[in-house]
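Encoded as structure tokens, the structure appears first; notes follow it.
All ligand and atom numbering here is 1-based and tracks the order in the structure. Predicted model only: the values in this text are computed from it and were never measured.
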Amino acid sequence: MKIRVLGSGAGGGFPQWNCNCHNCSRIRRGTMRSSPRTQSSIAVSSNGVDWVLFNASPDIRSQLEAFSDVHPRSGIRDSGIRAVILIDSQIDHTTGLLMLRESTVPLQIYCSEMVRADLTSGFPVFTMLGHYCRVEHHAVPLDGGAFEIPGIDDLRFCTHALKSKAPPYSPHRHDPHEGDNIGVVIEQASTGRRVYYAPGLGEIEPHVERAMAEADCLLVDGTFWREDEMAHAGIVHKLAREMGHLPQSGSGGMIETLRAHEHARKILIHINNTNPILDEESPERRELETHGVEVAYDGMAITV
Ligand code: MLT
Ligand code: MN
Ligand code: ZN
């Protein structure tokens, strides 16, 4: 199966418009070996023609323009995007839906009931799209159950709930529910090859560990290097785990977690602009390399 990283950054992207942190200021000045990153999204396909979009980022317009496989092929209006899976209702993962309003067919959106509730209340994107192209919502399983998507050959999707938080705008922000955030196993039926995608992963629960162990490729939360990264950068006194993101370093962190999965290709995605791994010459980046962990970049093409 083919995966295209459309956007490898976390909310805000890299550099972020109002951020003057060590990374953002250096990339603007051209004194850092790195590349800019748009906000979190991937596309997946088995045949290179019909694609599933995972998350719709605020940067979707330029992301799709930069990816010729999804450009119109026939007729006056066309796209290779057949459906959208949303892993949560965060602004960086859903705002791009508004940019798909020109669709001539109803948008086929797969997400949890909790995400649907957010997107019809606190941030009523689904309701708004009803006045343009319409949305057909499909509820995804939260227990690891599998589903298929019409028009997408040879791929199966298994979705499970992750421990996380609803977005700040959500009516249930302080009252976590199953399905506020999900992880997805994407399996190609003909080859049995599997990818595990979880850009927001705050805790490695047993069902997460199992899904990771069965995957050939792990595309997982690369938001923060350290637990107190936001405070360390002088931005906000919130810990990585409190924000639903497992940091890479430290005990029980992502590097330690990934060490158990020797056989799999390991790629960090959804990288926050404060993260030192964005600097290709940093000691943190070198540490990832010694553990065989890659860092996703915009336009990265992955074949599994
Ligand atoms: C997150 O995943 O925590 C975000 O990137 C939040 C946001 O988009 O504001
Ligand atoms: Mn995010
Ligand atoms: Zn920054």
Side-chain angles (χ1 to χ4, degrees), residues 5-32 34-42 53-60 63 85-98 111-112 114-115 118-119 122-123 125 162-170 173-174 176 180-184 197-203 219-248 254 268-279 282 284 296 298:
V5 177
L6 298 173
S8 54
F14 177 51
Q16 178 176 311
W17 70 282
N18 64 344
C19 190
N20 203 18
C21 76
H22 193 51
N23 285 341
C24 290
S25 65
R26 281 186 306 152
I27 196 161
R28 280 195 196 100
R29 281 187 275 121
T31 59
M32 174 191 194
S34 187
S35 47
R37 282 164 166 84
T38 62
Q39 293 163 87
S40 180
S41 175
I42 64 169
L53 183 69
F54 283 73
N55 303 318
S57 120
D59 305 312
I60 191 168
Q63 291 173 342
I85 296 180
L86 301 174
I87 65 119
D88 61 28
S89 55
Q90 295 274 0
I91 285 181
D92 60 340
H93 286 155
T94 57
T95 308
L97 291 172
L98 293 172
C111 65
S112 71
M114 290 321 296
V115 167
D118 282 344
L119 297 178
F123 184 31
V125 174
L162 298 177
K163 284 226 167 79
S164 199
K165 261 182 138 177
Y169 73 77
S170 170
R173 164 71 167 171
H174 301 292
D180 285 337
N181 189 297
I182 58 168
V184 189
Y197 177 61
L201 189 51
E203 195 179 319
L219 264 174
V220 291
D221 195 331
T223 313
F224 298 118
W225 177 259
R226 44 192 287 172
E227 177 75 340
D228 63 347
E229 190 163 308
M230 293 299 269
H232 187 249
I235 297 169
V236 60
H237 279 273
K238 261 196 197 161
L239 296 175
R241 283 179 175 85
E242 282 171 16
M243 297 172 76
H245 300 294
L246 189 67
Q248 281 107 62
M254 192 60 88
L268 297 175
I269 198 157
H270 188 277
I271 301 145
N272 197 55
N273 52 65
T274 49
N275 194 325
I277 64 174
L278 287 170
D279 181 345
S282 64
E284 291 85 358
D298 289 19

> Has the side chain of Ser57 got a donor or acceptor atom that lies under 3.5 Å from a matching backbone atom of Gln39?
Replying inline: yes

>> Any side-chain to backbone donor/acceptor pair from Glu227 onto Arg241? Under 3.5 Å, distance only.
In response: yes

> Can you check whether Asn23's main-chain N or O pairs, donor with acceptor, with Asn273's side chain at less than 3.5 Å?
Replying inline: no

>> I need the protein N, O or S atoms closer than 2.8 Å to the Zn ion (ligand 3), given as residue plus atom name.
In response: Cys19 SG, Cys21 SG, Cys24 SG, Asn273 OD1

> What N/O/S atom of Asp92 gets nearest to the Mn ion (ligand 2)?
Replying inline: OD2

> With only distance considered, is Gly11 within less than 3.5 Å of ligand 1 through an N or O on each side?
Replying inline: yes

> Is there a heavy atom of His270 sitting under 4.0 angstrom from any atom of ligand 1?
Replying inline: yes

> Do any N or O atoms from the side chain of Glu229 and from the backbone of Asn275 form a donor-acceptor pair under 3.5 angstrom?
Replying inline: yes

>> Using heavy-atom distances only, which candidate in His245, Gln39, Met243, Gln90 approaches atom 3 (O) of ligand 1 most closely?
In response: His245

>> Given 3.5 Å as the limit, does a donor-acceptor pair link the side chain of Thr274 with the main chain of Met230, or not?
In response: no

>> When you measure from the Mn ion (ligand 2) to the N, O or S atoms of His93, does any of those distances fall below 2.8 Å?
In response: no

> When you measure from the side chain of Asn272 to the backbone N and O of Ala10, does any donor-acceptor pair fall under 3.5 Å?
Replying inline: no

> Is the backbone N or O of Ala56 less than 3.5 Å from a side-chain atom of Ser41, with the two atoms forming a donor-acceptor pair by type?
Replying inline: no

> Is there a donor-acceptor contact under 3.5 Å linking the side chains of Ser34 and Asp279?
Replying inline: no

> In the protein, which heavy atom is nearest to atom 4 (C) of ligand 1, and how far is it?
Replying inline: Asp92 OD2, 3.8 Å

>> I'd like to know if the side chain of Thr38 pairs up with that of Asp298 as donor and acceptor (distance under 3.5 Å, no hydrogens or angles considered).
In response: yes

